[in-house]
Amino acid sequence: MGRRAALPDAGTALGETIFALASGAGAAGVAVIRVSGPGASRAMEALAGLVPEPRRAVLRTLRHPKSGEAIDRAVVLRFAAPASFTGEEVAEFHVHGGRAVIEAVAGALLACGPGLRPAEPGEFSRRAFFNGKLDLTEAEGIADLVAAETEAQRRQALAQSGGALARQAAGWSARLARSLALAEAAIDFSDDGVGEEAEREALTDAEGVAAEMEAALAGGAFAERVREGFRIAIIGAPNAGKSSLLNRLAGREAAIVSSRAGTTRDVIEVRMDLGGYAVTLADMAGLRDAEDEVEAEGVRRALAWAGEADVLLAVFDGTAREPDQATVGALAASRAPWLAVSSRADLAQVVTAVLGRAPLPVSSRTGDGIGALGEALLAEIARLGQGLSGATLTRARHVAAVGEARAAILRAMAGHVPELRAEELRVAMHVLGRLTGRVDVEELLDIVFGSFCIGK
Ligand SMILES: Nc1nc2c(ncn2[C@@H]2O[C@H](COP(=O)(O)OP(=O)(O)OP(=O)(O)O)[C@@H](O)[C@H]2O)c(=O)[nH]1
Ligand SMILES: [Mg+2]
């Protein structure tokens, strides 16, 4: 697969040697300081007094290259170009993970002389990209893997960093290239009857690609949510028990609870891991025509947040004679799936049905029903992903590019002028190239690598 970008941009001085802490900040058993570039072996020689065989770990005392003072005993390891993460010469110092040790190693590396400097955020991955080790989507997958907090995020990021989307896009590109060749043949041979058949074949193939893109786009929203977290809005009447439920689910007193109706005004978001999925659970103002100006603003914000939610969790006061009508109305009007609970299950329950469904009884006081609620929420989230083929479009950028490419193919299929058809297929390929970084990449690099932390 030809992954090489057209040209390195001016901001990437590939001749320089960079270094950074590759492991996390804060005291730890081991910290890894990574050096990449043509001066990596020289830096290792200067600090460790030897350049070991590639991929052979050696225990050495690191010393300051000028003063000779011992810094730490460390495992040193090197990788020879191009068989390294960046594709360059790479040296790694595995030191004890204390702040002073890390500072001293950084100081010693700087003392090695010019040409060795601290890395910018994302610079290691940027170099890997320029050296053809990763395409843009794989680099994004690595950033996601580093940021992954839940199982679903980890699995998705691992697939992406391993090239799931890169392979899919490359497959589409190759087929479009063939369609384009046929479309061009149709133009060249339009006079001798070969044209029509070639053109039909070109379109059938492109049509197949467009259909696959459509399936990927359908899974895109889900994949994006896995990455960013599903949004669950807790709605209900004032005093229904929303904040108590949030606190119970979160396992901490995130929101103020009181017997006064209209306590919560701001939207209170809590991030949690729900059975492997990242979710943002939001408690909000109770739905009513509030007289109080501040509460009315709270209700407005609640409705706005709920309008964007992936799942609505409606809390009905289980001891009330009637389910709250404002909440029932919100559920009836919602596009998102919803789940109803009746609160205060430790007291006598009266509410039996909401829009024809039995609400799940929960008690935030005793914890009864909370486990079942967690499972029901998880099932709703899993249902959102049902029937979707491989979730590969994990970012808005991917969804936009594939959507654009698909639109171009559809225009190619609808058009009647062979020259314009070929041009639309070319547009589709170009857009796919931008997705993986094979063309037109410069403007994208800062977006992709800007979110990396230093050392990645
Ligand atoms: N017995 C019992 N009381 C509960 C339960 N859940 C909430 N309450 C009580 O109901 C009252 C209202 O609870 P909140 O959680 O503040 O209700 P809310 O829906 O957030 O109310 P607003 O923020 O005003 O909209 C408080 O006095 C809680 O202690 C429960 O499971 N059992
Ligand atoms: Mg509240």
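Here the structure is a predicted model, which means the values were calculated and not measured.
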Original post:
Is the cationic atom of Arg34 (NZ for Lys, CZ for Arg) positioned less than 6.0 Å from the six-membered ring centroid of Phe124 and within 45 degrees of its normal?
Top reply: yes

Report yes or no: is the cationic atom of Arg167 (NZ for Lys, CZ for Arg) closer than 6.0 Å to the six-membered ring centre of Trp172, at no more than 45° off its axis? no

Return yes if some donor-acceptor pair links the side-chain N/O of [X] with the main-chain N/O of [Y] below 3.5 Å, else return no.
{"X": "Asp310", "Y": "Arg231", "answer": "yes"}
{"X": "Thr17", "Y": "Gly39", "answer": "yes"}
{"X": "Asn247", "Y": "Ala254", "answer": "yes"}
{"X": "Asp135", "Y": "Thr137", "answer": "yes"}
{"X": "Gln156", "Y": "Ala152", "answer": "no"}
{"X": "Glu123", "Y": "Glu120", "answer": "yes"}
{"X": "Thr327", "Y": "Pro323", "answer": "no"}
{"X": "Ser161", "Y": "Ala157", "answer": "yes"}

task = Flag the pair Val90 / Val35 as yes when at least one side-chain heavy-atom distance between them is below 4.5 Å, and no otherwise.
result = no

With sequence neighbours left out, the residues meeting side-chain hydrogen bond (donor to acceptor under 3.5 Å, both in side chains) with Ser36 are Thr86, Glu88

Could you tell me whether the side chains of [X] and [Y] share a donor-acceptor contact shorter than 3.5 Å?
{"X": "Arg227", "Y": "Thr394", "result": "no"}
{"X": "Glu269", "Y": "Trp305", "result": "yes"}
{"X": "Ser243", "Y": "Thr264", "result": "yes"}
{"X": "Glu89", "Y": "Ser41", "result": "yes"}
{"X": "Glu224", "Y": "His398", "result": "no"}

Correct closest heavy-atom pair for Asp144 and Gln160 would be OD2-OE1, 4.2 Å

- Verify whether the ring centers belonging to Tyr277 and Phe230 lie closer than 6.0 Å. yes

